[in-house]
2 protein chains.
Amino acid sequence: MATIHEVARKAGVSVATVSRVLNDRLKVTEKTRTKVDRAIEDLNYEPSVLGRNLRNSESRLLLVMIPSISNPFYSQIINGIEDTAVREGYNIMLCETDSNPEREEIYFSLIRNRLADGIISMDPTVNKKRLQELACTYPIVQCSEYDEDGTIPHVTIDNELAAYQAVRHLIKLGQKKIALLNSDEKFLYARERQQGYEQAMQEFDLPIKKEWIYSSNALEFHSGQQAVRTLMSQADKPTAIFAVSDILAIGALKECNIRGLRVPQDVAIVGFDKISFSNMTHPALTTVAQPMYQMGSISAGMIIRKIRGDNVESVILDHELIIREST
Amino acid sequence: MATIHEVARKAGVSVATVSRVLNDRLKVTEKTRTKVDRAIEDLNYEPSVLGRNLRNSESRLLLVMIPSISNPFYSQIINGIEDTAVREGYNIMLCETDSNPEREEIYFSLIRNRLADGIISMDPTVNKKRLQELACTYPIVQCSEYDEDGTIPHVTIDNELAAYQAVRHLIKLGQKKIALLNSDEKFLYARERQQGYEQAMQEFDLPIKKEWIYSSNALEFHSGQQAVRTLMSQADKPTAIFAVSDILAIGALKECNIRGLRVPQDVAIVGFDKISFSNMTHPALTTVAQPMYQMGSISAGMIIRKIRGDNVESVILDHELIIREST
DNA sequence: ACATGAAGTGTAATCGTTTACAATATAGTG
DNA sequence: CACTATATTGTAAACGATTACACTTCATGT
């Protein structure tokens with residue numbers, strides 16, 4: 001628990017010199033440097049980040065806000081963020097909002113209190129107005145989800161195109177009765193993916209039936225199951241399902257399995273996200289891969305540049321359709 | 001970005017009084033309090049955690065070290081930690097070690113640099129000696145994994161008993177040829193669960209065959225698949241599998257599905273951990289539930305008490321066998 | 001030998017809080 | 001009303017670093 005003063009005394013120099021040895025590496029003779037180094041060694045001194053942060057008025061901490069830590073979609077993104085952040089000398093604080101505005105506000109207070117230098121928001125349910133407001137004062141970027149008419153820089157994929165290609169893939173396999181398993185339309189990505197679905201259906205002159213569009217308000221496994229129950233209770237049953245999330249798709253798959261519907265022979269299923277579990281199911285899930293690691297590392301890079309005061313542009317990354325056994 | 005000085009000036013009081021309004025709530029008249037409150041309001045002042053931390057020489061940050069963020073086993077634990085931590089005024093930094101000692105050391109440096117007040121370690125591959133060393137100086141607790149001959153307080157379950165009960169469950173169902181799908185024996189929990197397995201087999205006079213004990217060095221989905229390939233290539237094939245992790249069990253299940261082996265009719269499978277995906281498979285997995293949320297919140301409570309200087313005792317929690325479709 | 005300038009080092013202010021201690025105001029007592 | 005005892009408030013010193021600025025050296029050219 002030595003301080004810079006003790007090191008200075010032991011080395012017979014001033015604190016300024018010790019600080020210079022610690023940071024600059026310029027403008028200090030080899031001789032004093034070794035004296036200081038030895039003193040540091042002897043006392044096994046480590047500078048206090050607390051003191052340094054106060055003086056530099058920065059914390060080198062990044063807030064990463066996600067709705068739920070158990071959603072595997074975010075795992076790879078977080079990996080990307082963390083690797084880049086650590087490389088640049090930042091650490092991350094993972095904040096689980098549970099889509100709860102109160103909790104959200106607690107985390108926002110961390111940046112107002114200077115405990116964080118910037119925010120990467122990935123919560124689609126975040127209070128958009130509040131976020132815009134904060135973004136005027138503090139560095140904020142959005143990852144994956146973003147606000148259409150906001151000004152916050154973001155990184156995302158072309159959701160509409162990705163959905164379009166996924167549905168086209170089903171159509172090319174001869175599918176005609178394709179259901180959409182969507183999440184709540186209040187989310188931008190949900191609307192965009194629905195757009196892509198409709199575009200593909202129209203392009204190939206297939207009917208868009210309201211009964212085949214199922215909107216679930218939660219991205220839960222059970223919602224996927226429920227969707228299949230509803231869809232398959234209809235007179236005119238779909239023979240393929242495009243789900244906007246792997247979790248929903250896995251729920252749908254489970255329900256098909258339970259009902260003895262063979263996948264892909266009786267029902268073909270496409271998911272979205274390529275979470276790690278999507279190839280552990282039987283059959284493995286066809287899905288749209290988002291470049292999650294890259295999304296993470298790019299958003300980390302963006303927020304760090306924004307903290308430094310550079311101005312940054314939004315980025316749209318490429319996706320990829322991963323064809324596996326479920327289609 | 002107002003400071004306490006500006007608030008003091010605006011309210012016509014000293015900084016000490018402002019600070020008292022902020023913290024104590026005692027020993028300041030109603031009149032001055034309202035003056036100060038109004039000034040705070042007007043400037044919309046928020047105290048800087050940086051300054052406060054330096055003065056109090058604490059950061060109110062907890063380090064939570066896990067090998068991999070994508071392992072769903074940790075999700076619930078982290079939820080438990082976070083809820084308790086936030087309630088006590090702490091925030092957590094999630095640190096993914098990737099079981100990489102270098103990375104581990106980076107995170108250890110955060111506590112040496114006073115950027116964290118304590119560590120909750122959940123990494124079974126952590127360098128035990130290093131951890132013991134640090135535990136002399138800094139508050140550290142272990143969650144789930146721990147060191148038998150160490151002195152670091154920990155929270156865990158009775159792995160041996162849990163494994164024993166899982167295997168006994170299989171035996172009671174009439175199973176006689178039970179394979180053990182273990183992870184690397186360097187982990188304490190692996191050795192303990194193997195103990196439980198062997199104890200159950202012995203108690204019911206069933207032979208323990210070396211060929212039926214498969215040790216995988218990674219807790220990966222693919223290891224589970226590989227295990228089934230190996231086990232089922234033998235002349236004397238097991239008819240049940242006890243896996244020490246759900247991920248391994250899900251891998252095994254997938255391989256059984258591929259090979260047309262019916263679960264549970266041809267092969268019964270038991271997993272361990274009750275991760276959320278364990279009931280999304282077809283059939284849903286019988287598994288041993290660890291009280292993960294509770295483990296998290298208890299370890300958070302422990303580390304906070306330890307930071308305060310209280311001394312804390314290790315805790316062993318109850319587990320539960322969850323019987324589902326795979327047995 | 002001396003002025004010059006560069007290079008290296010030291011002094012002290014600063015970041016934004018908290019808090020021991022001193023100072024002052026207020027209430028209570030005879 | 002004078003005098004304590006007590007309740008509030010203010011002053012200034014920490015906490016542990018960084019850094020502008022001032023000061024010392026010391027090699028160089030004359």
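Chain letters run A, B, ... following the sequence lines, proteins first, then strands; residues in each count from 1.
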Practice prompt. Look at the side chain of R52(A) against the base of dT18(D) and say whether a donor-acceptor pair falls under 3.5 Å; ignore hydrogens and angles.
Written response: no
Worksheet item: What is the nucleic acid contact for N53(B), judged by heavy atoms within less than 4.0 Å: base, sugar-phosphate only, or nothing?
Response: nothing
Fill in: Pairwise 5' ranking along DNA chain D for Y45(A) and V13(B), keeping only the more 5' one
V13(B)
Worksheet, complete the sentence: To the nearest angstrom, the NZ-C1' distance between K31(A) and dA7(C) comes to 14 Å
Discussion item. As a quick check of understanding, evaluate salt bridge (charged side-chain N to carboxylate O under 4.0 Å, His left out) for R130(A) and E133(A), giving each step before the final call.
Written reply: CA-CA 5 Å; R130(A) 192 82 188 81; E133(A) 214 175 284; 3.0 Å; yes
Worksheet item: For P139(A), which of I307(A), I120(A), I152(A) qualifies under side-chain contact (heavy atoms from CB on, under 4.5 Å)?
Response: I307(A)
Fill in: Whole angstrom value for the distance that separates P of dA23(C) from NZ of K27(B)
18 Å
Worksheet item: Does a nitrogen or oxygen in the side chain of T32(B) sit under 4.0 Å from OP1 or OP2 of dT9(D)?
Response: yes
Worksheet item: Whole Å only: how far is the NE2 atom of H5(A) from the P atom of dA12(C)?
Response: 12 Å
Response to the item:
Taken to the nearest whole Å, CD/E30(A) to C1'/dA7(C) is 15 Å
Item to complete: Remember a base hit wins even if backbone is also touched, and classify I4(B) as base, sugar-phosphate or nothing at under 4.0 Å, heavy atoms.
Response: base
Discussion item. Measure CG/N23(A) against C1'/dT9(C) and give the value in whole Å, please.
Written reply: 16 Å
Worksheet, complete the sentence: For L115(A) and S59(A) the tightest heavy-atom approach is O-OG, 3.1 Å
Item to complete: Figure out the CG/P separation between N113(B) and dC15(D), and round it to whole Å.
Response: 19 Å
Item to complete: Taking D117(B) for its side chain and R60(B) for its backbone only, find out whether a donor-acceptor pair lies under 3.5 Å.
Response: yes
Discussion item. Regarding T17(B), tell me which of base, sugar-phosphate or nothing describes its non-hydrogen contacts under 4.0 Å with the strands shown.
Written reply: sugar-phosphate
Fill in: Main-chain N/O of L54(A) paired with R114(A) side-chain donor or acceptor, under 3.5 Å
no
Fill in: Value in whole Å for how far the P atom of dT18(C) lies from CZ of R60(B)
12 Å
Worksheet item: Any side-chain N or O of T29(B) under 4.0 Å from OP1/OP2 of dT9(D)?
Response: yes
Item to complete: Check if the side chain of R55(B) and the base of dG16(D) share a donor-acceptor pair of N or O atoms closer than 3.5 Å.
Response: no
Discussion item. What is the distance, to the nearest angstrom, from the CD atom on E46(B) to the C1' atom on dT17(C)?
Written reply: 15 Å
Discussion item. Can you tell me whether the side chain of R20(B) and the base of dG10(D) have a donor-acceptor pair closer than 3.5 Å?
Written reply: yes
Item to complete: Would you indicate which nucleotide in dA20(C), dT17(C), dG16(D) comes nearest to any side-chain atom of L54(B)?
Response: dG16(D)
Worksheet item: Hey, is the side chain of S19(B) poking within less than 4.0 Å of OP1 or OP2 on dT18(C), counting only N and O atoms?
Response: yes
Practice prompt. State whether N56(A) places a side-chain N or O below 4.0 Å from either non-bridging phosphate oxygen (OP1 or OP2) of dA17(D).
Written response: no
Discussion item. I want to verify a distance call: between dA12(D), dA17(D), dG10(C), whose nearest atom is closest to the V15(B) side chain?
Written reply: dA12(D)
Discussion item. Under 4.0 Å, heavy atoms only, any strand: does V49(B) hit a base, just the sugar-phosphate, or nothing?
Written reply: nothing
Practice prompt. Using the side-chain contact (heavy atoms from CB on, under 4.5 Å) rule, pick out the option among I69(B), D123(B), V64(B) that qualifies with E96(B).
Written response: I69(B)
